[in-house]
Amino acid sequence: MTGSECMVTRRSFLKGAAAAAGVSAVGSTGFDIIHPEGAFAEDAPVEIKFTYCDMCNHIPKCGIAASIKDGKVVRVEARATEGYRADPICAKGIASLQELYDPERLLYPMARTNPKGTGAPEWEPISWDDAYARIAAEFNRVKDDYGADKVFFYCGDPKEPRGAMQRVATLFGSPSCGFESSTCAAATWMSTFLTLGSLSMGVDPTPDSKSCLIWSLNPAWSQPYRFGAMMDRKEDGCKFVVVDPRITPTVTGLADIHLQLRPGTDGALALGFINIMIRDGLYDKDFVENWTVGFDELKELASGYTPEKVEEITWVPKEKLEAAVRLVCENTPATLVS
């Protein structure tokens, strides 16, 4: 199936994506939570409070209208107030109530009571003061025995605690500090910049991109703003190849070619992609010769993944794989998104 066979407008698709994200929702953009019995008074009045979602990053601060009943959030939906443009909320925003009121969510520190290797872990609740004291004691033990730099300070999303974590590491005397970006996206950005000389390559298609290969990502559900930008590039004429076992809204909205591989066979598909590129000379030979190592070994490995072999492993028709390679390699600048 190609994007042209079932293309939708960006605006109508974003509405559809919000609805798809809330299959079990009440309405197209809201989600009701079932609280434990007696969690709130049924006859309590409902009050609307405005906030934003922090389920992924601190931008674009997607707006949430939260329905409050007896001090509990009972429903979330997109904040559609005038002047607040960051909507709709995606599947992650709709799921925020499930995270907030998960019955197994930890609400206080837990300490293990039996040593490792003695069976299933057993835990008991402890106070926050006790938890901080234990953490500080262990940090100082490592610092005394091995040096402050042997303690690595880390925090993930949301990003707001980064500054505080850096200050703690500095006061402790450790230069070892990292975040989810430095161990994830930032590493790919740095390697892309050092290798290709451009931060736009390997991130998202730009207005100059002629083609884009999306590998097993469904931003229509998880990143609606990012998907909207990709829809803009589609309207600009950018061609898309989407690799995904499923037929997702990203596939139906963007894909000129959908490589619907068998789950777990990404490696074979990638090597088949490389094999065709090398076989037909669809790569930058000067760059490979002057800036890479191990190309001959890669060529030898990929040579075993012929289109016929890849079709056998991945279930992707060899003709479709050939067409996808040519679409990406013959429409440059090209971008890889994964």
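Side-chain contact between Phe240 and Thr335 is absent, with no heavy atoms from C-beta onward closer than 4.5 Å. Residues Leu321 and Glu311 have side chains not in contact (no heavy-atom distance under 4.5 Å, counting atoms from C-beta outward). Side-chain atoms of Lys69 and Val46, non-hydrogen and from C-beta on, do get closer than 4.5 Å to each other. Considering only heavy atoms from C-beta on, Arg233 comes within 4.5 Å of Pro207 through its side chain. Glu322 places a side-chain heavy atom less than 4.5 Å from the side chain of Ile276. The side-chain heavy atoms of Ile48 and Ser67, taken from C-beta on, include a pair separated by under 4.5 Å. Looking at heavy atoms from C-beta onward, Gln223 lies out of side-chain contact with Cys90 at the 4.5 angstrom threshold. Looking at heavy atoms from C-beta onward, Val325 lies out of side-chain contact with Arg279 at the 4.5 angstrom threshold.
Considering every non-hydrogen atom in both Val73 and Ala66, the closest pair reads CG1-CB, 4.1 Å. Arg246 approaches Trp221 most closely through the heavy-atom pair NH1-CZ3, 4.3 Å. Across Pro219 and Met230, no two heavy atoms sit closer than the pair CG-SD, 3.9 Å. Taking all atoms of both residues into account, the shortest heavy-atom contact from Asn331 to Ala334 is O-CB, 3.9 Å. Here the shortest heavy-atom pairing between Val337 and Asp204 reads CG2-OD1, 3.8 Å. Residues Pro175 and Gly173 approach most closely at CD-O, 3.8 Å, considering heavy atoms.
Linking Ile, Leu, Val, Met, Phe, Trp and Tyr whenever their side-chain heavy atoms come within less than 4.5 Å leaves Tyr132 and Val168 in two separate clusters. Residues Leu336 and Tyr283 share a hydrophobic cluster, clusters being chains of Ile/Leu/Val/Met/Phe/Trp/Tyr side chains in contact below 4.5 Å. Follow the hydrophobic side-chain contacts under 4.5 Å out from Tyr101 and you reach Ile64 in the same cluster. Both Leu282 and Val241 are part of a single hydrophobic cluster, where members link through side-chain heavy atoms under 4.5 Å apart. Note on Leu106: it does not cluster hydrophobically with Ile126, by side-chain heavy-atom contacts below 4.5 Å among ILVMFWY residues.
Taking CG from Asp149 and SG from Cys177, the interatomic distance works out to 13.5 Å, rounded to the nearest 0.5 Å. Here CG of Leu298 is found 9.5 Å from OG of Ser303. Values are rounded to the nearest 0.5 Å. With values rounded to the nearest 0.5 angstrom, Arg75 atom CZ is found 9.5 Å from Ile94 atom CD1.
In this structure, a donor-acceptor pair under 3.5 Å is present between the side chains of Asn218 and Thr250.
For Phe295 and Phe287, the ring centers sit 6.0 Å or farther from each other.
At least one cation-pi condition fails for Lys150 and Phe152: the charged atom is not both under 6.0 angstrom from the six-membered ring centre and inside a 45 degree cone around its axis.
With Val243 as reference, Leu261 is the one residue of Leu217, Ile257, Leu261 to meet the side-chain contact (heavy atoms from CB on, under 4.5 Å) rule. The residue from Leu269, Leu259, Val242 that alone fulfils the side-chain contact (heavy atoms from CB on, under 4.5 Å) condition with Trp215 is Leu269.
Residues satisfying the side chain to side chain donor-acceptor pair (under 3.5 Å) test with Glu330, not counting sequence neighbours, are Arg326. Taking the salt bridge (Lys or Arg N to Asp or Glu O under 4.0 Å) definition, one finds that Asp208 meets it with nothing, sequence neighbours left out.
Every pair passing salt bridge (charged side-chain N to carboxylate O under 4.0 Å, His left out) that includes a residue from residues 118-141 is listed here, sequence neighbours excluded: Asp130-Arg134, Glu138-Arg141, Arg141-Asp145.
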Kindly indicate, with the supporting measurements, whether the criterion side-chain contact (heavy atoms from CB on, under 4.5 Å) is fulfilled by Lys92 and Cys53. CA-CA 9 Å; Lys92 291 178 288 187; Cys53 177; 5.6 Å; no
Working note: Arg79 + Ile89, criterion side-chain contact (heavy atoms from CB on, under 4.5 Å); need CA distance, chi angles, decisive distance, verdict. CA-CA 8 Å; Arg79 177 177 177 176; Ile89 53 176; over 6 Å; no
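In this structure, the side chain of Lys143 engages the main chain of Phe172 through a donor-acceptor pair within 3.5 Å. The closest donor-acceptor contact from the side chain of Asn275 to the backbone of Pro307 lies at 3.5 Å or more, if one exists at all. When atom types are taken as modelled, the side chain of Thr265 and the backbone of Ala268 share no donor-acceptor pair closer than 3.5 angstrom.
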